[in-house]
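Computed over heavy atoms, backbone and side chain alike; hydrogens, waters and symmetry mates excluded. Keep in mind that this is a model prediction, so the values were computed, not measured.
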Amino acid sequence: MPGAAVPARKTAADSPWRQAARRLRKNKLALFGLAFLVFMILFCFLGPYLSPYANGKVDVARINKPPSTLHWLGTDNLGRDVLTRLMQAGRISLTVGVASVVLSVAVGSVLGALAGFYRGIVDQVIMRFADVLLTIPGLPLLIIMGAVMSEWKVPSDYRIYIVMLMLSFLGWPGLARLVRSELLVLREQAYMQAAEALGLRDRRKMFRHLLPNTVPTLIVVATLHVAGAIISESTLSFLGLGVVPPTPSWGNMLDAANSLIDFQKRPWVWIPPGVAILTTVIAINLLGDALRDALDPRLKGR
């Protein structure tokens, strides 16, 4: 009909992800947190390649030297450059935190999807197992497992992977319950009733239609869990039950503060890893909070 109004075509700019990106760009704290995390990743993963002290060679003549033009953050009790050790330690701590959360998300999302989709006996078995794990206090269990590794004299290189597995083992139950609750709501939506009428396979319904709709929630939760995983790994390493020397991590670098002399006279040994943990966790939390606000559909009109 001439003169009839033509409805506006929905463009890619109107997609939920574009709207979330616009809301995220308006959050200055989130941008600061993201920029700091990018800096830390470059600092930890590329920095050691630019350092002349990356080999970690012991230098007896430079033991416990204060910061200077040669060693910007001084040297430790073996004459190693603290700045280089800080970079290498950050590589380990960040890798353990991210890898453990990725594994937790993979296991938790699949098991949560199975529980929420099939319900019945499948739901009961998976959720009761998750409930049992949730009743176990995390830190004491990690300390016990770390003590077992020390007793069995597990090599330092293998400890990194065991710590990742332990953290992911403790992290997946909460994610599974979250995904299950999301699927219980999503499977009642109209598009899922249409998928049921079309006779789609269960695998296609779960992995093509249901799980993708939980991605925004999983992104937010996983981001915040990375901070918790970094703190847990640092705690274990500080207690000598996680990653142990000569492999550096921020936690076992802090272990230098267990001596009163080092604590009072050599602050350059333990303050840098403490500041690195503090600032990284704050940046992750800032970004996680901003992602939660940006991806929340109830904030669409803001």
Can you confirm whether [X] sits close enough to [Y] that some side-chain heavy atom of one is under 4.5 Å from a side-chain heavy atom of the other?
X: P273; Y: L86; result: yes
X: L224; Y: I284; result: no
X: S168; Y: V107; result: no
X: I126; Y: R180; result: no
X: L211; Y: T214; result: yes
X: L83; Y: W268; result: no
X: H225; Y: S104; result: no

Please check this pair: side chain of [X] against backbone of [Y], looking for a donor-acceptor N/O pair closer than 3.5 Å.
X: E233; Y: G251; answer: no
X: T84; Y: A54; answer: no
X: S93; Y: G90; answer: no
X: R159; Y: V243; answer: no
X: N252; Y: P248; answer: no
X: S237; Y: S234; answer: no
X: S100; Y: M164; answer: no

If I take atom [atom1] from residue [X] and atom [atom2] from residue [Y], how far apart are they, to the nearest 0.5 angstrom?
X: R201; Y: R208; atom1: CZ; atom2: CZ; answer: 13.0 Å
X: L167; Y: I162; atom1: CG; atom2: CD1; answer: 12.0 Å
X: L287; Y: F32; atom1: CG; atom2: CZ; answer: 12.0 Å
X: T223; Y: D289; atom1: OG1; atom2: CG; answer: 10.0 Å
X: L170; Y: L139; atom1: CG; atom2: CG; answer: 10.0 Å
X: L175; Y: T217; atom1: CG; atom2: OG1; answer: 11.0 Å

side-chain contact (heavy atoms from CB on, under 4.5 Å) evaluation trace for M166 with L236: CA-CA 11 Å; M166 289 193 304; L236 284 177; 4.2 Å; yes
Salt bridge (Lys or Arg N to Asp or Glu O under 4.0 Å) assessment of D293 paired with R23: CA-CA 8 Å; D293 295 340; R23 285 195 291 268; over 6 Å; no
Heavy atoms from other residues, nucleotides or ligands near CD1 of I261 exceed 12 (cutoff 6.0 Å): no
Heavy atoms of other groups near R203 CZ, more than 12 under 6.0 Å: no
Looking only at heavy atoms, what is the nearest atom pair of [X] and [Y], with distance?
X: W250; Y: L94; value: CH2-CG, 4.4 Å
X: T280; Y: F36; value: N-CE2, 3.9 Å
X: V101; Y: A229; value: CG2-CB, 4.2 Å
X: G116; Y: L184; value: O-CD2, 3.6 Å
X: L134; Y: G174; value: CD2-N, 4.1 Å
X: M87; Y: P48; value: SD-N, 3.5 Å

In this structure, would [X] and [Y] fall into the same cluster of hydrophobic residues linked by side-chain contacts under 4.5 Å?
X: L114; Y: L218; result: yes
X: V163; Y: V148; result: yes
X: Y118; Y: F207; result: yes
X: V82; Y: V58; result: no
X: L183; Y: V215; result: yes

Qualifying residue for side chain to side chain contact (heavy atoms under 4.5 Å, CB included) with F129, from L133, V125, D131: L133
Verdict with reasoning, T95 to F45, per side-chain contact (heavy atoms from CB on, under 4.5 Å): CA-CA 10 Å; T95 300; F45 286 88; 3.6 Å; yes
Worked verdict on L241 versus M145 for side-chain contact (heavy atoms from CB on, under 4.5 Å): CA-CA 8 Å; L241 302 173; M145 294 298 296; over 6 Å; no
Salt bridge (charged side-chain N to carboxylate O under 4.0 Å, His left out) partners of residues 257-278, not counting sequence neighbours, each pair once: D262-R266
Worked verdict on L103 versus L165 for side-chain contact (heavy atoms from CB on, under 4.5 Å): CA-CA 8 Å; L103 186 56; L165 291 175; 3.7 Å; yes
Mind listing the side-chain donor-acceptor pairs of residues 70-78 below 3.5 Å, one per line with the distance, residues two or more places apart or on another chain?
unit_1: H71; atom_1: ND1; unit_2: D81; atom_2: OD1; d: 2.9
unit_1: W72; atom_1: NE1; unit_2: T69; atom_2: O; d: 3.2
unit_1: T75; atom_1: OG1; unit_2: R62; atom_2: O; d: 2.5
unit_1: T75; atom_1: OG1; unit_2: N64; atom_2: N; d: 3.3
unit_1: T75; atom_1: OG1; unit_2: K65; atom_2: N; d: 2.7
unit_1: D76; atom_1: OD1; unit_2: L78; atom_2: N; d: 3.0
unit_1: D76; atom_1: OD1; unit_2: G79; atom_2: N; d: 3.1
unit_1: D76; atom_1: OD1; unit_2: R80; atom_2: N; d: 2.8
unit_1: D76; atom_1: OD2; unit_2: R80; atom_2: NE; d: 2.9
unit_1: D76; atom_1: OD2; unit_2: R80; atom_2: NH2; d: 3.1

